[in-house]
Student: 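Okay, here's the structure, questions in a sec.
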Amino acid sequence: MNGMPTRPRRLKRGFYRYLSPGIDWIVASIVIAFLSLIRLLPPDRVIRGFAAIGSRLGRFLPENRVADANLAAAFPQMDDASRRALGRQIWGHLGRLGAEYAFLDKIFDFDPDNPGTGRFEIVGTEKFQSIRDRGKPAILFTGHLANFEILAVCAAKFELGMTSMFRPPNNKRIARNLFRARKKMMENMVPSMTGAAYQLGHVLEQNGRVGVLIDQYFRRGPKIQFFGRPTRTNPLLGVLARRHQCEVYGARCIRLPGERFRLELTGPYDLPRDESGEIDVEQTMQLVTSVLEEWVREYPAQWLWAHRRWR
């Protein structure tokens, strides 16, 4: 009796695998057509519209429970009304971020020869130039803050030769289109899969620069503290810094009023050392995570609270 449902379930899974490529193609066609359509509209109007939709509908999504629980744990002194108001800002930001993906090539208007003339202001331009001109390996870390994709676009503008790690969408057709779009604006990209750490290490061996996100949960990673709560993180940054003895910088994007942005480059950081004088991987990850926490506390509505960072 216990074995009776096995065959129907297997047939169902096999049938879904048979249909899956067609479903993916239909979904990709709808998404690509929709993005092509909204690109015909004024960017700021579309972005504001998506922000309004996100702030109104985000609280009905299942992920809102994760975001609300994370906010309550990170800011225990915050009352319910304030947390709900912050939640609306967070979903408005995510709606805005989703729309900005369609307009990255249009909204990034920074000109190194004429700073202060567009919607972007950059703090630390001399550091971008120094990293480029010194020709030494360096790691730039960031988190899911504001429009974090713009940092790679900015690095390309300064010709840093930076290799960024990214997670491609599961839909292969969408992934190919997204990769082609990113390739026009960014420099080198490595998908976050098996072998990515080796590729980034090779870049550093060639005195290149790499960009990594540090705010995602990693089950096999070292234990750290984030907002006073224990969690785990990917040790990749610490491992690469220890192995290649390279400088580490922090980079963040800040969303400003009036559809404007500020990009900041901080560091290089003095990384913790162990008794042998080598860079301490776990303590280094705690250091950069603490920097990230300061950034999130300063602009809490601009971080990805719906992510299950604590488990």
Student: With a 4.5 Å heavy-atom cut-off, do Q216 and H307 have their side chains touching?
Tutor: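 Yes, their side chains come closer than 4.5 Å.
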Student: CZ/R308 to OG1/T231 distance, rounded to the nearest 0.5 angstrom?
Tutor: 10.5 Å
Student: Can you tell me how far CZ of R119 sits from NZ of K106, rounded to the nearest 0.5 angstrom?
Tutor: 11.0 Å
Student: Does CZ in R243 sit with more than 12 non-hydrogen atoms of other residues, nucleotides or ligands closer than 6.0 Å?
Tutor: no
Student: If we only count heavy atoms from C-beta on, is the L256 to E121 side-chain gap below 4.5 Å?
Tutor: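 They are in contact (side-chain heavy atoms under 4.5 Å apart), so the answer is yes.
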Student: Between R242 (side chain only) and G238 (backbone N and O only), is there a donor and an acceptor less than 3.5 Å apart?
Tutor: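 Absent.
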Student: Is any side-chain heavy atom of F218 less than 4.5 Å from a side-chain heavy atom of L236?
Tutor: no
Student: Starting at CZ of F103, measure out to CD of E259 and round the result to the nearest 0.5 Å.
Tutor: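 Here the interatomic distance stands at 11.5 Å.
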Student: Output yes when a side-chain donor or acceptor of R309 lies under 3.5 Å from a complementary backbone atom of R232, and no otherwise.
Tutor: yes
Student: Which atoms form the tightest heavy-atom contact between I38 and V46, and what is the distance?
Tutor: O-CG2, 4.0 Å
Student: Assess whether side chain to side chain contact (heavy atoms under 4.5 Å, CB included) is satisfied between I107 and I47, documenting all intermediate values.
Tutor: CA-CA 11 Å; I107 64 176; I47 292 169; 4.3 Å; yes
Student: Tell me whether D270 at atom CG has more than 12 heavy atoms from other residues, nucleotides or ligands lying less than 6.0 Å away.
Tutor: no
Student: Among residues at least two apart in sequence or on other chains, which ones pass ring pair (Phe, Tyr, Trp, His ring centres under 6.0 Å) with F128?
Tutor: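 For F128 the ring pair (Phe, Tyr, Trp, His ring centres under 6.0 Å) partners, ignoring immediate neighbours, are F158.
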Student: I'd like to check the salt bridge (Lys or Arg N to Asp or Glu O under 4.0 Å) partners of R297; sequence neighbours left out, ordered by chain and number.
Tutor: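 R297 satisfies salt bridge (Lys or Arg N to Asp or Glu O under 4.0 Å) with E293 once adjacent residues are dropped.
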Student: So R255 and F261, do their side chains get closer than 4.5 Å, heavy atoms only?
Tutor: yes
Student: Take the angle between the ring planes of F227 and W310 and call it parallel below 30°, perpendicular above 60°, tilted in between.
Tutor: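 It falls in the perpendicular class, over 60°.
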Student: Is a side-chain N or O of K223 found less than 3.5 angstrom from the main chain of P230, in a donor-acceptor match?
Tutor: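 Flag not set: sc K223 to bb P230 has no pair under 3.5 Å.
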Student: Membership question, hydrophobic clusters at under 4.5 Å side-chain separation (ILVMFWY): are L204 and Y198 in the same one?
Tutor: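 No, Y198 does not connect to L204 through the hydrophobic network.
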Student: Has T142 got a side-chain atom pairing as donor or acceptor with A251's backbone, closer than 3.5 angstrom?
Tutor: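 Side chain of T142 to backbone of A251: a pair is present.
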Student: Do the ring planes of W305 and W303 sit parallel (below 30°), tilted (30 to 60°) or perpendicular (above 60°)?
Tutor: perpendicular
Student: Out of curiosity, R56 CZ to R88 CZ, how far, rounded to the nearest 0.5 Å?
Tutor: 10.0 Å
Student: Under the salt bridge (Lys or Arg N to Asp or Glu O under 4.0 Å) rule, collect the residues that match up with R229, sequence neighbours excluded.
Tutor: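 Salt bridge (Lys or Arg N to Asp or Glu O under 4.0 Å) list for R229, sorted by chain: empty.
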Student: Between D80 and R83, is there a salt bridge with N-O shorter than 4.0 Å?
Tutor: yes
Student: Does atom CZ of R65 have more than 12 heavy-atom neighbours, drawn from other residues, nucleotides or ligands, at distances under 6.0 Å?
Tutor: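 No.
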Student: Are N147 and L104 side-chain neighbours, meaning at least one heavy-atom pair lies under 4.5 Å?
Tutor: yes
Student: Once rounded to the nearest 0.5 Å, what's the spacing between atom CG of L213 and atom CZ of F141?
Tutor: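 If I round to the nearest 0.5 Å, the distance is 11.5 Å.
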Student: Is there a side-chain contact between D215 and L145 (heavy atoms, below 4.5 Å)?
Tutor: no
Student: Give the intermediate values and the outcome of side chain to side chain contact (heavy atoms under 4.5 Å, CB included) for residues I122 and R262.
Tutor: CA-CA 6 Å; I122 297 182; R262 179 186 303 129; over 6 Å; no
Student: Passes side chain to side chain contact (heavy atoms under 4.5 Å, CB included), V288 versus M285? Steps please.
Tutor: CA-CA 5 Å; V288 297; M285 296 314 303; 4.0 Å; yes
Student: Quick check: is F148 connected to Y299 through a chain of hydrophobic side chains (ILVMFWY, heavy atoms under 4.5 Å apart)?
Tutor: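 Looking at the clustering, F148 is in a separate group from Y299.
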Student: Do V123 and L151 sit in one hydrophobic cluster, given that two such residues count as connected whenever their side-chain heavy atoms are within less than 4.5 Å of each other, even indirectly?
Tutor: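 In one cluster with V123: L151, no.
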Student: Test L140 against L160 for side chain to side chain contact (heavy atoms under 4.5 Å, CB included), laying out the working first.
Tutor: CA-CA 11 Å; L140 283 71; L160 289 193; 4.3 Å; yes
Student: Looking at Q77, I'd like to know if its CD atom is crowded, meaning that more than 12 non-hydrogen atoms belonging to other residues, nucleotides or ligands lie closer than 6.0 Å.
Tutor: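 Check passes, neighbour count above 12.
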Student: Would you indicate whether the side-chain heavy atoms of E264 and I254 approach each other to under 4.5 Å?
Tutor: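 Yes, their side chains come closer than 4.5 Å.
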Student: Check this for me: R219, atom CZ, are more than 12 non-hydrogen atoms of other residues, nucleotides or ligands nearer than 6.0 Å?
Tutor: no
Student: For T233 and I214, which heavy atoms make the closest approach, and how far apart are they?
Tutor: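 That would be OG1-O, 3.3 Å.
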Student: Using side-chain heavy atoms (C-beta onward) and a distance below 4.5 Å, is L71 in contact with I90?
Tutor: yes
Student: What distance separates H244 NE2 from I279 CD1, expressed to the nearest 0.5 Å?
Tutor: 11.0 Å
Student: Can any side-chain N or O of R96 pair as donor or acceptor with the backbone N or O of A51 at less than 3.5 Å?
Tutor: no
Student: Atom CZ of residue position R45 - does it have more than 12 heavy atoms of other residues, nucleotides or ligands inside 6.0 Å?
Tutor: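 Open.
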Student: What is the minimum heavy-atom distance between Y269 and G250, and which atoms define it?
Tutor: CE1-N, 3.6 Å
Student: Taking all non-hydrogen atoms of both residues into account, name the closest pair between N64 and G58 and its distance.
Tutor: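 Heavy atoms of N64 and G58 come nearest at CB-O, 3.6 Å.
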Student: Between the side chains of S290 and Q286, is a donor N or O closer than 3.5 angstrom to an acceptor N or O?
Tutor: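 The answer is yes; a qualifying pair exists.
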Student: In this structure, would W91 and F75 fall into the same cluster of hydrophobic residues linked by side-chain contacts under 4.5 Å?
Tutor: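 Shared cluster, yes.
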Student: Checking K136 side chain against E247 main chain: does a donor-acceptor pair fall under 3.5 Å?
Tutor: no
Student: Taking all non-hydrogen atoms of both residues, which atom of R132 and which atom of E159 are closest, and how far apart?
Tutor: CG-O, 3.4 Å
Student: Which heavy atom of T284 sits nearest a heavy atom of L237, and at what distance?
Tutor: CG2-CD2, 3.8 Å
